[in-house]
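To start, the structure under review is shown below, and the notes come after it.
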Amino acid sequence: MSAVKAVRHSLNALWLRVQEPRALSAIYFFAYLAVTILGVAVMTDPPRTIQGTLGQTLVACWAGMLVVGGGLGAATVLQGVWWLERAGAILCMSAMGIYGVAYWGIPITQLSLRVASICFVIFAILAFAARLVKTRHFAYDPEK
């Protein structure tokens, strides 16, 4: 039973080190992690439709922006290193914008599919923009 308590104590100690508001920081951590995973997937198996629109070089740059932006964000959001997280958020937003522009250039005849995809891109950009607004005045969490 003491081993379980020790694990709980360790997890609680880690949780208390997460930047306030902790739940929001954890949510953004997983958002950045998802962007990183997306970047790795694009690097290993680029989407042919986007590659046809952007070309190989730009798809590689796009994938790099996803990996670096997501990785920077994931590595810094929990500690409150906002100056580095902002760079990650800007890279993520830029990568989402590139995807939106490339997606707009793909010939799709079903309007609802195009609108849904573009709305998801806009939502992703706005989610990272909200994080930029939250962290814009400080280099680090001012409460730490």
Side-chain angles (χ1 to χ4, degrees), residues 1-104 106 108 110 112-144:
M1 190 68 168
S2 64
V4 171
K5 282 187 179 183
V7 168
R8 279 188 189 161
H9 178 72
S10 296
L11 289 176
N12 190 45
L14 283 174
W15 180 248
L16 292 176
R17 292 177 58 192
V18 172
Q19 171 200 318
E20 289 281 355
R22 290 182 183 94
L24 189 58
S25 295
I27 289 167
Y28 270 101
F29 170 79
F30 286 109
Y32 284 122
L33 186 62
V35 170
T36 306
I37 292 168
L38 172 61
V40 170
V42 169
M43 279 184 174
T44 57
D45 186 24
R48 286 166 197 77
T49 53
I50 300 297
Q51 199 169 21
T53 303
L54 292 177
Q56 271 185 308
T57 304
L58 284 178
V59 167
C61 290
W62 173 52
M65 291 172 74
L66 290 166
V67 169
V68 173
L72 265 177
T76 58
V77 67
L78 297 177
Q79 293 86 17
V81 184
W82 289 345
W83 68 275
L84 266 176
E85 185 189 347
R86 279 194 296 269
I90 289 168
L91 283 169
C92 289
M93 290 171 61
S94 300
M96 298 299 169
I98 289 169
Y99 175 77
V101 169
Y103 187 82
W104 194 260
I106 296 172
I108 295 174
Q110 189 175 3
S112 62
L113 177 61
R114 183 177 300 279
V115 170
S117 297
I118 296 300
C119 285
F120 277 121
V121 168
I122 291 169
F123 174 79
I125 290 171
L126 291 175
F128 287 110
R131 188 64 183 167
L132 286 176
V133 168
K134 166 123 174 61
T135 63
R136 75 180 177 267
H137 293 298
F138 302 100
Y140 298 92
D141 182 358
E143 297 177 12
K144 288 191 174 189

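The structure displayed is predicted, hence computed values, not measured ones.
Distance OH/Tyr32 to CG/Leu91: 10.0 Å, rounded to 0.5 Å. Considering OH of Tyr99 and CH2 of Trp104, their distance stands at 13.0 Å, rounded to 0.5 Å. Distance check: Leu132 CG to Trp82 CH2 gives 12.0 Å after rounding to the nearest 0.5 Å. In this structure, CG on Leu66 lies 6.0 Å from CE on Met96, to the nearest 0.5 angstrom. To the nearest 0.5 Å, atoms CG (Leu54) and OH (Tyr103) are separated by 14.0 Å. Atom OG1 of Thr53 and atom CZ of Arg48 lie 13.5 Å apart (nearest 0.5 Å).
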Q: Evaluate the side-chain contact (heavy atoms from CB on, under 4.5 Å) criterion for residues Leu113 and Ser117: first the C-alpha distance (whole Å), next the side-chain angles of each, then the deciding distance (0.1 Å), finally the verdict.
A: CA-CA 6 Å; Leu113 177 61; Ser117 297; 4.2 Å; yes

Q | From CA spacing to verdict: side-chain contact (heavy atoms from CB on, under 4.5 Å), Phe29, Val18 | A | CA-CA 11 Å; Phe29 170 79; Val18 172; over 6 Å; no

Q: Please step through side-chain contact (heavy atoms from CB on, under 4.5 Å) for the pair Leu78 and Arg22, ending with a clear verdict.
A: CA-CA 8 Å; Leu78 297 177; Arg22 290 182 183 94; over 6 Å; no

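Without hydrogens or angle criteria, Arg17 side chain to Leu14 main chain gives no donor-acceptor distance under 3.5 Å. No side-chain donor-acceptor contact under 3.5 Å links Arg136 to the backbone of Arg86. With hydrogens and angles ignored, the 3.5 Å screen pairs a side-chain donor or acceptor of Thr44 with a backbone N or O of Ala41.
Nearest heavy-atom pair, Cys92 versus Gly69, reported as atom, atom and distance to 0.1 Å: SG-C, 3.6 Å. Of all non-hydrogen atoms in Gln51 and Pro46, the two that sit nearest each other are OE1-CB, 3.8 Å.
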